[in-house]
Each structure stands twice: as structure tokens, then as C-alpha cells.
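Worth knowing before you read on, the calculation uses all heavy atoms, side chains too, and leaves out hydrogens, waters and symmetry mates. Chain identifiers are assigned alphabetically (A, B, ...) following the order of the sequence lines, protein sequences preceding nucleic acid strands; residue numbering begins at 1 within each chain.
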There are 2 protein chains.
Amino acid sequence: MTTLSEVARLAGVTSATVSNVLRQRGKVGEQTRLRVLEAVEQLGYRPHLTARALAEGRAPTLALMVSSIANPFYPEFALAAERAARAHGRFLIVCNTNDDPATGRAYLDQIAGTLSDGVLIMNANLPMDDLKKTEKRGAPVVLCMWEKPDAPPELPSIAVDFRAAGAIAGRHLIELGHRDIGALVGSKKNGIHAERYRGYLDACAEAGRKHAQERTRYIPDTVAAGYDATMAMLKEFPQLTAIFASNDLPALGAMNAIADMGLNVPRDISVIGITDIQWARLSRPALTTVAVPTDSAAEMSIELLLALINRSSKSPVMRVTATPELVRRASTAPPKKR
Amino acid sequence: MTTLSEVARLAGVTSATVSNVLRQRGKVGEQTRLRVLEAVEQLGYRPHLTARALAEGRAPTLALMVSSIANPFYPEFALAAERAARAHGRFLIVCNTNDDPATGRAYLDQIAGTLSDGVLIMNANLPMDDLKKTEKRGAPVVLCMWEKPDAPPELPSIAVDFRAAGAIAGRHLIELGHRDIGALVGSKKNGIHAERYRGYLDACAEAGRKHAQERTRYIPDTVAAGYDATMAMLKEFPQLTAIFASNDLPALGAMNAIADMGLNVPRDISVIGITDIQWARLSRPALTTVAVPTDSAAEMSIELLLALINRSSKSPVMRVTATPELVRRASTAPPKKR
DNA sequence: TTGAAAGCGCTAACAC
DNA sequence: GTGTTAGCGCTTTCAA
């Protein structure tokens with residue numbers, strides 16, 4: 001490993017000067033600058049980021065806490081977040097909590113404020129208290145995809161208007177003429193997807209209709225759960241002509257279930273999801289869904305986090321992304337005439 | 001931020017002692033130990049990982065270079081790698097090169113050997129030379145999924161016998177009775193998937209058959225490319241009864257194309273892939289594929305990397321994972337009688 | 001068993 | 001412009 005002072009020695013200057021030329025801090029003569037640069041080149045010197053971090057009192061990394069990077073939505077977010085971080089000279093450490101609060105806490109304890117300057121929280125199943133504690137210890141925390149713009153959380157956050165997304169999905173189904181709709185909610189009753197469902201109910205209300213409780217299933221946010229719930233619901237309510245799913249994963253499961261029952265999407269039953277993950281456009285039929293602005297949410301999250309780190313913003317702040325938009329694909333159509 | 005010496009002061013000892021207590025380095029009296037622990041608790045002290053790294057001369061992080069974490073296979077690998085890294089007390093930094101060698105080089109230059117102790121290379125499109133250069137600078141490098149066990153690379157690596165995988169896929173198709181098979185190779189002719197195709201050709205040869213060159217398409221490793229190539233190939237060779245794809249993504253594309261042509265998988269045409277990514281089991285019909293041992297490849301990669309870092313192993317070493325295995329699902333069946 | 005002190009590689013005042 | 005110096009927070013000999 002080549003160090004600053006080795007470079008300095010070769011260039012016949014002191015390490016402070018080398019540091020100055022490397023950080024482009026003016027006040028360096030043109031010839032010494034050239035001499036230093038040459039020495040750097042010759043020795044193949046690379047700054048030691050850890051040492052620099054310690055001296056500067058700040059880490060070059062940010063952490064992203066996520067329940068599991070293998071969940072199909074997160075990689076897309078992570079990619080965008082990493083890009084945004086890079087654009088600001090930061091590296092991204094990925095922390096999979098596996099939905100286990102203890103794992104998340106361990107991460108927070110170890111890296112927040114030491115290895116990484118701040119942390120992005122994406123659905124990591126961590127109690128607010130733990131998050132506030134790490135914030136108090138000096139490491140800013142940003143909630144990446146808050147679901148309720150009307151109810152700002154106690155921590156800085158980027159919010160997506162998921163209620164609007166739910167309403168858009170509901171409206172689309174209703175406008176197509178659907179009256180018998182089943183709803184798949186990918187969380188507990190008052191869980192994370194509650195707002196999306198509320199939005200769907202808003203759309204029903206707007207249309208002067210009422211959604212019957214029994215036609216709603218609260219399930220895990222997975223393809224398999226969407227599959228099972230759809231099977232069950234279709235058996236109980238064969239008259240359904242459409243399925244509203246609070247997320248793309250259960251929607252995809254619903255499509256599979258419908259296909260396996262020998263029915264056709266969208267001819268017999270329409271399906272709509274929310275998010276617009278990659279698979280949505282690749283499934284057959286391609287899934288109609290309400291696209292959430294993933295990339296800009298990631299960028300906004302990184303920017304807010306950096307602002308907090310630089311103390312140029314004070315918590316709590318909530319910023320709202322652009323409104324989700326309908327993406328019409330092939331899984332929705334008017335209901336069959338009877 | 002609480003520092004070691006603050007804890008030391010509170011406990012009435014010196015920071016060296018606190019350090020000893022924390023690192024469980026015996027030689028500390030029981031009462032002082034307790035006193036120190038209490039002080040740690042009281043102040044909510046957390047070791048500063050960056051400072052520790054600098055003092056120890058080693059970073060607590062490992063880097064994973066990948067072309068794009070959003071590519072459906074990588075997140076699964078990344079998850080397993082992160083778990084393995086955590087099990088050894090390391091954190092994982094994700095580096096998306098975006099398939100751009102310059103980006104990869106920039107990462108290597110910046111973090112290898114400074115911010116991170118070593119780097120895992122997963123299909124990041126980086127020239128060997130750059131990798132060898134970073135290794136020379138002192139940061140071990142491990143190639144995570146080398147495709148040719150018979151031709152060890154010049155760097156430490158974990159190899160998967162993809163030729164065997166290709167042979168397994170080919171054999172499966174042939175055993176089902178297929179004779180008119182189209183091949184989709186997800187890389188350039190002598191590119192990364194060449195071994196898989198060779199394996200497929202091995203299977204043909206074993207069966208005393210010869211695969212006709214014109215029935216092979218070299219394409220990008222994507223769903224879209226698989227779709228287009230299948231469309232084209234089926235138009236040119238309507239007699240095909242099966243598609244061998246060197247990867248699941250093109251295989252999924254092939255299934256979509258077949259469906260869009262109004263044909264049925266597997267009744268009219270069988271499709272097989274390689275890897276067994278998550279989507280494979282979720283597609284309709286579920287994709288028959290040859291599963292690669294992702295998790296163990298990730299673990300082996302991490303372990304090899306750590307061994308190199310601890311100099312308990314010297315490069316180059318190549319280790320081979322368990323052999324890929326056939327996963328029969330619904331996309332393959334015997335060909336129709338004519 | 002505990003303390004003193006040096007140093008990891010770099011940055012940032014402050015002098016010269 | 002360039003050098004001197006004092007740390008950043010921790011680990012680790014080496015002495016006591």
C-alpha cells in the first residue's frame with residue numbers, strides 16, 4: 001500500500017501538500033502540483049478512504065436497510081439509490097434485516113454513525129423507537145416509502161401517495177364497468193397496505209358503490225398468498241369479474257390462480273396491481289398496474305438523507321413524490337356481458 | 001458520539017483496558033470488567049468501526065461488483081452473500097457497474113483495499129487486467145460464478161459446472177423425445193454462455209444426434225431478446241418442438257413468444273432454461289430449468305475471499321460448487337405426435 | 001492486571 | 001505556496 005507520505009517523499013514535498021493537490025484545494029504551485037501528480041501516478045497511489053473518513057469525521061457510505069434484497073421490488077429501488085449515492089460520492093451498504101427486528105437493531109447499532117453516515121429504511125420492520133434512538137445518536141434516518149402523506153411520521157421521510165394509487169386502480173376497474181370486484185390487501189388490516197385499500201374504497205364511494213367486506217382478503221404480500229386467496233375467493237364468489245390487488249406480487253398470484261382455474265385474464269376476470277415491478281410487464285398477460293415513481297423516490301431519499309447529514313435540513317421533514325400513474329397493459333378489460 | 005476514552009474515564013480505567021474488555025481479550029480483572037461494562041451501558045457506547053478499521057489495518061466490509069443489482073438473478077445471490085458476510089462479521093457494499101468497465105474500474109480504484117478488504121466479482125464486465133491490478137495492490141478478488149471448471153481463470157474463483165447444466169437440460173429434452181430443438185444462447189458466440197451451449201451439444205452428441213447450427217441464436221441475456229429470437233426462429237423453423245435456453249430470462253421470453261403466437265407450452269413446444277431464478281417457478285406454465293446452487297456459491301465465494309484476506313490461502317484457487325440439478329416443472333413435455 | 005504511548009493514513013488549522 | 005502539528009477513535013506492543 002502506498003501512503004500519502006510516500007508520495008510526498010518522492011515528490012519532495014510534505015503530505016499536507018499532496019493532500020492539497022489531491023483535494024484540489026488551490027494554494028499549490030503549478031510545478032509542485034505536476035510533480036506530485038507524477039509521483040501519485042508512478043506509485044499508483046490511491047487515497048485510503050477509511051483513513052480519510054476518520055480524519056474528516058464522516059463516512060463515505062450510506063446504509064440501506066431492507067427486509068430482503070431478494071424481494072422483487074427492492075433491487076430496483078436499491079439500484080436507483082446506489083446511483084444517486086454514487087452521484088454524491090457515497091457508497092451503499094446493503095443490510096438485509098430478514099424482517100427480523102433484532103437483526104435490524106444489530107445493524108443500526110453497529111454501522112449507523114460509524115461505518116455509515118446515515119441510513120435509509122425501506123420496509124425493514126424496525127420499531128420507530130430504535131430508529132429514533134439511532135437518530136439521536138447522530139446518524140440521520142430516512143423512511144424511504146412512507147405510505148401516508150396525510151400522516152407524516154416522526155422521522156424524515158419520502159412519501160408516496162399510495163391512497164391515490166389505490167384510487168386510480170379502483171377507478172380504472174370501475175370505469176371499465178366492473179361491479180363485482182374482489183380485493184387483495186397485502187398486509188394486515190391496519191398494516192402497510194391499508195392506505196392503498198382505502199384509496200380503492202374511495203374510488204368505490206366516488207362511484208356511489210359500496211365494496212362488500214367479505215370480498216376483501218388480508219394476506220401476506222407474496223405471489224403465493226395472492227394465488228391462494230384468489231382461488232378461495234373465486235370459489236366463494238364466482239360472480240367476481242375483477243381483482244384489485246394492493247401490490248403487484250399478489251396480483252401476479254391472482255393471475256396464475258385464474259389461469260389455473262381455466263379462466264382467462266382479462267376476458268373472464270380483470271386483475272390490477274400497484275407498483276409496476278419488472279415482472280409486471282413480463283407476465284402473460286402483462287399486468288395492468290399503478291406505477292410508483294421508484295427512481296425518483298430513491299433519489300429523493302438519498303438527497304434528503306444527505307441534507308440531514310449536512311445539517312442543511314432539520315428533521316422531521318416529509319417530502320412527497322410525484323403521484324403514481326396508471327399503466328394500462330393486458331390484464332384488464334371490460335367485464336363480459338352476461 | 002461516545003468514545004472509548006469517555007467510557008474509560010467513567011470507569012476509572014484507561015482506554016486500553018476498555019478495549020480489552022470489549023474485545024474479550026482476557027487479562028482483565030472481573031470487577032474492572034464489570035465496571036467497564038456498566039460504563040459502556042450507561043453511555044450507550046458503540047465502537048467506531050471506521051476508527052477500528054484504521055487501527056486494525058483492515059476494513060469490516062467486502063464489496064460485491066455486479067453489472068446491475070436489478071437483474072433478477074443477482075439479488076438472490078447478493079442476499080446469500082450478505083448473509084455469509086454477516087456470519088463472518090463483515091458488511092457488504094454493493095457496486096453496480098452498469099456493465100461499464102470505467103465505472104467498475106472507478107469502484108476498484110476507490111474502495112478495493114481501503115474501504116473494503118476484498119471484492120467479489122459477479123459478471124461485472126471488468127477486464128482481467130484491472131482485476132489483477134487491484135489484487136496486486138493488496139485487495140483479494142474472487143470471481144463468483146466462473147463458467148468453466150476445466151479452464152481455471154487467473155484469479156481465485158468459484159466455478160459452477162455450467163457445461164454439465166447445459167448437458168442436463170439437453171438430455172432432458174432429448175429423453176422426452178424431442179428431435180427438433182432450437183437453442184437460445186444468452187451471450188456472444190464465445191461469450192459467457194458458451195459452456196452451457198457446449199453442454200447442450202454434448203447431450204446431443206451422446207444421443208447420436210447433431211444440432212443444426214441454424215437453429216441456434218446468440219442473443220442478449222434478456223426476456224425481450226428471448227422473445228424476439230423465438231418469434232423469428234419459430235417462423236423460420238415451424239417444426240421445432242422444443243427450445244433450449246442457456247438462461248431463464250430468455251427462456252421466459254421464449255414462453256411468452258410461444259403464447260403470443262397462439263401456441264401452448266408445453267403441448268406444442270417445450271421450453272427449458274438454466275439457473276432457476278425466482279420467476280421460474282412463478283411463470284405460467286412454471287419453467288422447467290436446471291438449478292444452479294446459488295446460495296452455496298455465494299457462501300463459498302465469501303469464504304474463499306476471507307481466506308485470501310487472511311492469507312490462509314494463496315491465489316489462484318478455483319473451487320467448484322455442487323453440480324446443477326434438473327428442476328422439472330410444467331414447461332416441458334413429450335412432443336406431440338404428428 | 002492495568003497503564004502509557006505509539007501509530008493506522010489522512011485532514012485541517014495555523015505558521016512560516 | 002508549503003510545512004508543522006495536532007488530532008480523528010481505536011488497537012497494540014511494552015512497561016510497570
Practice task
Mind calculating the distance between CD (B/E30) and P (C/dT1) to the nearest angstrom?
Solution key: 11 Å
Fill in the blank from the handout: Atom NE2 of B/H48 and atom C1' of D/dC8 are separated, to the nearest Å, by 8 Å
Problem - Pair B/I111-B/C95, side-chain contact (heavy atoms from CB on, under 4.5 Å): steps then yes or no - result: CA-CA 10 Å; B/I111 69 177; B/C95 310; 3.8 Å; yes
Exercise for the section: Give one of base, sugar-phosphate or nothing for A/T114, where a contact means two heavy atoms less than 4.0 Å apart. Expected result: nothing
Nucleotide N/O of nucleotides 11-14 of chain D paired with protein N/O under 3.5 Å:
unit_1: D/dT11; atom_1: OP1; unit_2: B/R23; atom_2: NE; d: 3.3
unit_1: D/dT11; atom_1: OP1; unit_2: B/R52; atom_2: NE; d: 2.5
unit_1: D/dT11; atom_1: OP1; unit_2: B/R52; atom_2: NH2; d: 3.2
unit_1: D/dT11; atom_1: OP2; unit_2: B/S19; atom_2: OG; d: 2.9
unit_1: D/dT12; atom_1: OP2; unit_2: B/R25; atom_2: NH2; d: 3.1

Handout entry: Nearest non-hydrogen partners of A/Y107 and A/N96, listed with the distance
Key = CE1-O, 3.7 Å
Practice task
Measure from CG on A/L49 to C1' on C/dC8 and round the result to the nearest Å.
Solution key: 15 Å
Practice task
Assign A/T3 to base, sugar-phosphate, or nothing according to its heavy-atom contacts below 4.0 angstrom with the strands shown.
Solution key: sugar-phosphate
Practice task
Give a yes or no answer on whether the side chain of B/T114 reaches the backbone of B/Q110 with a donor-acceptor pair at less than 3.5 Å.
Solution key: yes
Exercise for the section: Show your working on side-chain contact (heavy atoms from CB on, under 4.5 Å) between B/F162 and B/V292 and close with a plain yes or no. Expected result: CA-CA 8 Å; B/F162 276 107; B/V292 153; 3.4 Å; yes
Problem - A/T294: partners by side-chain hydrogen bond (donor to acceptor under 3.5 Å, both in side chains), with sequence neighbours left out - result: none
Problem - Trace of the side-chain contact (heavy atoms from CB on, under 4.5 Å) decision for B/L120 with B/L305 - result: CA-CA 7 Å; B/L120 254 32; B/L305 185 56; 3.3 Å; yes
Handout entry: Exercise: identify the closest heavy-atom pair between B/T2 and B/E6
Key = CA-OE1, 3.0 Å
Handout entry: Below 4.0 Å: OP1/OP2 of D/dC8 and any side-chain N or O of B/T50
Key = no
Problem - Among D/dG3, D/dT2, C/dC8, the nucleotide that comes nearest once only the side chain of B/L54 is considered - result: C/dC8
Fill in the blank from the handout: From CZ of B/R58 across to C1' of D/dC10 the rounded distance in Å is 13 Å
Exercise for the section: May I ask you to say what B/G29 touches in the nucleic acid, namely base, sugar-phosphate or nothing, with a heavy-atom cut-off under 4.0 Å? Expected result: sugar-phosphate
Completion exercise
Whichever of B/T2 and A/G12 has the more 5' nearest nucleotide on DNA chain D, that residue is A/G12
Handout entry: Spacing of B/M1 atom CE relative to D/dG7 atom P, expressed in whole Å
Key = 17 Å
